[in-house]
**Student:** 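Handing you this structure, nothing more for now.
In the text below, chain A, chain B and the rest are named by the order of the sequence lines, each starting its count at 1.
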Amino acid sequence: MGGARTRPEPQTGARENVIELPVLAEGSVEEISGRTRQRARFRGDFEYPGDDFEGPNVNRWQYLPQTPPVEDLLVEEVREIEGNEREMVMNMGPQHPSTHGVLRCVLGLRGEAITRCRPDIGYLHRCHEKLNELWSYQGTIALSDRLDYLAAMTNELAFVLAVEKLLEIEPTERADYIRVICSELQRIASHLLFFGTTALDLGAVTPFLHSFREREAVYDVFEYISGARLLYNYMRFGGVRTDFPPGTDKKIREVLDLLENRLPEYHDLLSYNPIFAVRTQGVGVLSRDDAIAWGAAGPVLRGSGVAYDLRKADPYSGYEKFDFKVCVEESGDVWARFMVRMKEIEESIKIIRQALDGLPEGDARGQVPRFIKPPPGEVYARVEGPRGELGCYVVSDGSDKPYRCHWRTPSFHHVSLLEFVPVGHLVADVVAIIGSMDPVFGEVDK
Amino acid sequence: MEAAVTRNRSFRDFLIYLYRAARAIVLGHAVTLKHLFRRPVTIRYPEEEYHATPWHRTYPALVIDEATRELKCTACMSCERACPPGIIAIERAQGEDKKTYPGEFWIDMLRCMECGICVEVCPFDALEMVPEYKMTAYHPDDGIFDKERLAVVVRGPKTPWPRRKGSYLEGGWPT
Amino acid sequence: MPAWLVTLGWAVLKASLILGFVLFNALFLVWWERKFAARIQSRVGPQRTGRPFGYLQSMADVFKLLSKEDVVPARVDRWMYVLAPIVIFVPAVLVYVVVPFGPNLIVQDLNIGILYVAAVTSFTMIAIVMAGWAANNKYSVVSAMRAAAQLVAYEVPLVLAVIGPVMLAGTLSLQGIVRAQEGLWYIVVQPLGFLVFLTAGMAELNRAPFDLSEAESELVAGYNIEYSGMRWSFFFLAEFSNLVAVSAIATTLFLGGWQAPWFLPAAVKGLIPPVVWFLAKTYFLVTVIMWIRWTLPRVRIDQLLDFGWKFLLPVSLANIALTGLLFPVLVRLGWI
Amino acid sequence: MIPLSWVLVSAALLFGLGLYGALARTNAVRILIAIELMLNAVNLNLVGFSRYLSPHDVTGQVFALFVITVAAAEAAVGLAIILMIVRQRDVSDVDRINLLKW
Amino acid sequence: MTEHAWLIVVLPLVSWLLISAFGRRLKNEGDWLGVVTIGVTLVLSLVVLWEVAGGAATRVSVPWLVMGDWQLDMGYLIDPLAAVMLVVVTAISFLVHVYSMGYMHGDARYRRYFATLSFFTFSMLGLVVADNLILLFFFFELVGLASYLLIGHWYENLGPRLASLKAFIVTRIGDLAFLVGLAVLVLATGTTGIPELRELVEHHQVPATVLTLAAILVFGGAVGKSAQFPLHVWLPDAMEGPTPVSALIHAATMVAAGVYLVARSFFLFEPSATALSVVAVIGGITALLGATIGVLQTDMKRVMAYSTVSQLGYMMMALGVGSLVAGMFHLWTHAFFKALLFLAAGSVMHAMHTMEMHSMGGLYRKMPVTAWATIIGGLALAGVWPLAGFYSKEEILNAAFYSGVSGAGFAFWAGVISALLTAFYMTRAVILVFFGRPRDRHRYEHAHESPPVMTVPLAILMVLAVTAGWVNAPISHHWFGKLLGEAEVHLAPIVTVLAVGATLLGVAAGYAIYALRLVDRRAVINALRPVYTLVRNKYYFDELYNATVLRGSLRLAEWAAWFDQRVIDWLVNAVGYVAVKLSEAAGKFDLSVVDGLVNGAAAVTVGAGRRLRTIQTGFVQTYILTFFAALVVGLVVFQLWRL
Amino acid sequence: MTGLQIAFLALSAVMLFAAWKVVTSDIIVHAALWMVLSFVAVAGIFLTLHAEFLFAVQLLVYAGAITALVIFAIMLSDIRELRGEGEPAGAGLGRRVRRLVSRRLGLAPAAVAVGFAAVMYSVYRATPWPGLPPGDPAPSTLAIGRELFGTYVVPFELASIVLLVAMVGAIVLTLREGGREKEEKRP
């Protein structure tokens, strides 16, 4: 098997329809996301009504290549490996402590070295996108929380932004600031969890509990703001559900100070630990080209040296007003992805402080009717979630429910990277690599 | 500070690496040692309790008007219609004064996702999200809350903001 | 009473004492580790069973484990599956035969004491391989192979690190080594050896950061993945027994065993009985090992082997050479 | 008080078993194991003789040590060779490794 | 200090280790480390010499290897001989170290060079102080190894590579003899310690034949290492190495190791007239050989090399005629002036990038220091009063003159003729290189004086080349000789006259031929064409070795074949003839019975073979099975037999 | 019969039984583990013969090192063997006997082995052996050390060279050509 730098050859007939797009050196925003979309369409794992979407009654499946069911692919492959005397099949997951949910990785092992890795998903499928078509816009906000349940705020934000585009309304300025604060707090919470689980994957239990302790503090703030700790249902079209309660500012600042005190401890405890360094440096290298070609986003993309951040590249909710850096690491390994996230925590703290300082007075809620019926049309909105570009594609037929709601979730794309990144590594590295992709299976199995 | 991987480096670099590694390990142990003498953050639940914010959304409860000692609910069915998972069931009843009231009011708390939409849509403030999180039950049937289980008296200002002001209803449809 | 009966009686008594010590240790250390880890992690740890500190938690666990169903999965290699817990437990207990708890508190002072320890502990590997193989589970096989590689890799530096004190004391007998440390603990002259011993010892114990064979985040639980109930608890017991054993041996070799610190005046030395010194030092080392476990992440198998073969082994060899070079100096200084 | 002949007889039996194993089995690893058994038998003899024929001398034990050393070396090299053969020819069955044939 | 003399050996070792391990990170790749260390050892050696001169001597010996009841010791022995040698080695080594900093500047393997230099110094010093022959042999070999490494320093080029190999292999031949000699000694005496051996020899506890044998064998080692005839061939080739190395190894130290070895074990030679004669004759031959070849070499370094061979012959000769002091004294003086010459040659090479004397000329104007160094060195070598060479050479000739050893006469005349030739070729070299008109204009233009780091050692050596001889001159009351235990010096005037005469004659002839061009060289060459060809081709030694070593075995085989055919075949044929006759006598019987038997046996064998071939299954197990089956059967038979 | 004798007999019975299982068991991992048991029993016999040092060395080298090597070789060599498919499975005596004779060499190995043991036995029986000298010998560790570094220093050094050579040889043999960096370890 080749290294991770070369893309594996198409293993089955299904892949023959993959269009090999030329890798552009400095892809513009549109190019990258366009390519991502296009690739996603042909991968055959969801329907994507693109240019040839003609109306509600089109049978969209006819446009998709005939893909054998995933399970059959795996069975075939497992047989192939088992036929080989020198290789061993190991099922990592779906019930494995380190796959961050219900991911099943079919590993071909030679000794402990990975010869192939096939991620198998779908164990958490809840017909999320179908439910979106059945629930009202109102309820869809609440439902979108369940997508990436570790970053509910940004999910809501993506959906709300999409519907706002449909409705052609603008949120109030204060609402924008509040949204930014919540997004960044959410990013911090998510990255803290990432820190903990990475540590846990690498066998260090203590950092996990420490980071959860701080994450709880962030969740306290969320609870104070929205009344819920994990799934907030906080965003509203044209604003947010409720304004900040009094004292929120102080509470948030306390948490930020706490974090700033604790982050050096994290680094002492884990980040600069030599064992951690050797476990992560040079492991799971994802090249810049591969990262772009496979539609990686967020810290995974930035860890491979691509300074692409939607908050800068395609600002929304007034991110252009804030001064912050796009954290980039060049090496593309687990360590790079880890460090990108750790730096992003610091950047997020910066953003939140700026937003708190400049929080304008005014109404946090827009003048929008409770029950809405957006005009027919389609719209795509995207935000930079903690895991990367989170896109929401909404098609309205003018009713009070979305005709179609599709989510472009970063974790899904990152899980597909597992097909080639771990090859050549050891079993222990697979764990680290999965951890560094930080997938959330709520958004992988939509 | 930088913890570098040693690979193809000179002996001196190796020594430097060794020093850095030892230093990092010692620092890590210092952190854990420090924590040994810090206070635990655990809340020992039955003895101590977590005090959620008053507006914590745990479950929607039926508000009893303290003055009349009756439910505020008029069984207008707004919440039943708005509930995304559709877990609210109301049997409307009519009293002697022709006022409607909920004859039965069920919420399947096993499926409730605590989004609070029912509270938002209630025109009479008859529903309220309460921060009561001790909801354990011995039997799944106990998870379906009926009127009696749901009825609470809400005292004091529950939320720090006026509830009805700035409602969505007040706005108009953008043209 | 016939002589053989006396011998047998003594043997049984000693064996039961050791066994009691091992079991008590396991119970105590399980609790202690939980409490210790909890405090490190800003938690409280066990607190209910035996309020307010949960000191009966281990007992409760024992009862739980005893009452659990003894599952023997289908298609296991039955004999090996059944034997492995015993095979791992027996050497863990046998080690204590030569551990000198006090000047006279030793089961048998073998003149090849330290070699005996090395020989007996090498059985752990076989037991783990047995368990891993027998369970008919890929994770456990991989774990067993890891354990075997790891134990082979760390046995060598461990034994080589032992050579330093042996050279200084001029005897293989543990009691002899302790007695030789009356004037000075060997940790003062053998700091490198001590570190190597502790590190290799931790690797032998399969404790973090070297707990590759039971890496819960990779191999779920490794070789004991299919075990349950009391069989599983044998592995657990053996682990804690070995933990104490390694600490005790380290104490014996480097920390002066049951000797009081050499710099204390004689009057103070007499105050505290030797066995207390010994246990205090041992438990201190145990705690240190726990502390390390709860601080460091886990290394990877190839890094582990690299570390063992390419770092610890040369260091331990250097330690021997250094000891040989320093020996005359130390003699002249009157330190040994 | 063990008679020397006991030692020798059990050593001979062990040697016989090892011999049988080395001759009758075809798996290379297993043959190596059998050879280790034979070496153990030799060691038993050496130690027995050392104990009985020259009790004040440890020459026999020293030789047994050397035998153990050589056995370790033999095991290492032998197993390495077997691994190599397996890797090259994908067999560990000596019946299929017959390049010595005329 | 004397009792801490081991420091002198250990310091270069430390330097070697440090430069090897950390040189990359040291300033200037650690060259200063080597220089400083050797400087310190030089000081220490001088102190030791001072103390030894004051009567101190020491021997320390510790058990090294205990095998059963035989033990091998390791230790060092400081006596006047060793002390003198220490000073020689450290002094030259120090100067060479300093010089190398300039000469080797910018070399790709600068660090390795200095490390090896330190290593060489360490080995050489170890050799000097070794107190027993095995240890001495050990260091002898290490010296050879270091020399191999240094000669082959520029191993990218074919020349150095082959030269290093040649040096290594040729000296190995001598070392083999040495090793055998050692074995003989150990077997005969049971000890290897030099003082113990001396004790034994002096008390006549070693049989004379053994002694002679051992002495000659040990001398074999010296022959190899000191490039004596017939193993001198490696030394000129070794000039492929860096020039400072040549100065160090092939002038002052390593080649002197052979001489030192003989001096060290002189007590073995003293009682044996045969051994002494061998040494004297070999030395004489070498001296003559080197001198004659040196006359016709055109490569400056090779002239020096053959001169070295010749001078080493001198030293050997001196030892052979029974004068330890003369040999060592010449070693002492020669070390300085020959090192000077080599370093000067190196300086020339540094400037000219060639060694071919015919492309030089007139360099005096460009590099006066070097020229003066060469002149002084040359004069010292030629033995002009009052330079160092004069004293030592005179001493040697004197010793030979007075010696009663058979072969001393030959040695004396060989020495005189060599002196003449030496003076001649040195004059030739100096004139060709530094005077006259430049023959290679281009090179001449680019020639320049060497940097101070190279000229300063030259200057120091110049001083030493002038003064080194004075230590054993009347001016110092023959301090050196007394130090080494020589009773009284008799100087025969005739010897002095002859020596001075030969020298002057040589210088004059050289001057006449090369400077004044009084004689047509071509005419002389034509007159002496056969001799010229022979000498010009170095007496065909390399060819000889090629012929003997390479083809010798072939010839031997051919001869054996011839012998086989002519002698053995004849015998066989004769026997056959008789047999035929006999057979004829019993013809019928034979035909019917014997033939039948023979054919039958053959048929049985063939058939059995055909069948038994199938036993060769290729399965090792089958073979083992057969083996053990046979063993069992054999044992059973044996048991039954015994019953 | 003294305790020592009982111990000896028990140990040699265990040893022989284990050795028997080594050569007859179908699954090679079992064979390896039986081998361990056999080695341990041999170590025990060493103890009864007052060779404490050898006891420890036997355990260390055989039960520790060589077993690990063997297990590695097994795990890395042939998967069919691991599954017990390498040789015909044998349950029941009849099958076992059939396997014995159906092999390439037939009954010959057994015959040779039995013959060898029998011959040795007869030799041992026929030879008059000296009795055991009275008294327990002094601990032999020190004596072994002295012998090793005294009389047998050259063999000792040779043995260490043999080990070194074996080590290097094993490493060289098992090294993969072209380095495993490419193939397995690093991308």
**Student:** Which bit of D:E36 is near chain F, if near means a heavy-atom gap under 4.5 Å: side chain, backbone, both or neither?
**Tutor:** both
**Student:** Using 0.5 Å steps for rounding, measure from the CZ atom of F:F46 to the OG atom of D:S50.
**Tutor:** 10.5 Å
**Student:** Non-hydrogen atoms of chain F under 4.5 Å away: do they reach the side chain of D:A71, the backbone, both or neither?
**Tutor:** both
**Student:** As an exercise, state the distance from CG of D:L17 to NZ of F:K21, rounded to the nearest 0.5 Å.
**Tutor:** 12.5 Å
**Student:** Taking D:V77, D:L32, D:L14 one by one, which has the highest count of heavy-atom pairs under 4.5 Å against chain F?
**Tutor:** D:L14
**Student:** Flag the pair D:V47 / F:F55 as yes when at least one side-chain heavy-atom distance between them is below 4.5 Å, and no otherwise.
**Tutor:** no
**Student:** Nearest 0.5 angstrom please: D:S10 OG to F:L9 CG, how far?
**Tutor:** 8.5 Å
**Student:** Checking side-chain contact (heavy atoms from CB on, under 4.5 Å) for the pair D:V7/F:L49: CA distance, chi angles, key distance, verdict?
**Tutor:** CA-CA 9 Å; D:V7 181; F:L49 295 173; 4.0 Å; yes
**Student:** Roughly how far apart are F:L158 CG and D:F66 CZ, rounded to 0.5 Å?
**Tutor:** 8.5 Å
**Student:** Check each atom of F:T67 against the heavy atoms of chain D and say whether the ones under 4.5 Å are side chain, backbone, both or neither.
**Tutor:** neither
**Student:** What are the two closest non-hydrogen atoms of F:A117 and D:A12, and how far apart are they?
**Tutor:** CB-O, 4.1 Å
**Student:** Is it the backbone or the side chain of F:I144 that comes under 4.5 Å from a heavy atom of chain D, or both, or neither?
**Tutor:** both
**Student:** Does any non-hydrogen side-chain atom of D:L65 lie less than 4.5 Å from one of F:F53?
**Tutor:** yes
**Student:** So do D:L13 and F:Y121 actually touch side chain to side chain, heavy atoms under 4.5 Å?
**Tutor:** no
**Student:** Answer yes or no: is there a side-chain heavy-atom contact under 4.5 Å between F:F39 and D:L37?
**Tutor:** yes
**Student:** What's the spacing between D:N40 CG and F:I66 CD1 if we round to 0.5 Å?
**Tutor:** 8.0 Å
**Student:** What closest approach, in Å, do F:V23 and D:G21 show between heavy atoms, and which atom pair accounts for it?
**Tutor:** CG1-CA, 3.3 Å
**Student:** Do D:F63 and F:Y152 make the cut of ring centroids closer than 6.0 angstrom?
**Tutor:** yes
**Student:** Does any part of the side chain of F:V57, heavy atoms only, come nearer than 4.5 Å to the side chain of D:I68, both counted from C-beta?
**Tutor:** yes
**Student:** Heavy-atom cut-off 4.5 Å, strictly under: side chain, backbone, both or neither for D:V62 against chain F?
**Tutor:** side chain
**Student:** Contact part of F:V22 toward chain D, heavy-atom cut-off under 4.5 Å: side chain, backbone, both or neither?
**Tutor:** both
**Student:** If I take atom CZ from residue F:F116 and atom CZ from residue D:F15, how far apart are they, to the nearest 0.5 angstrom?
**Tutor:** 4.5 Å
**Student:** Using a cut-off of under 4.5 Å on heavy-atom pairs, state which of F:V61, F:T48, F:V119, F:L16 scores highest against chain D.
**Tutor:** F:L16
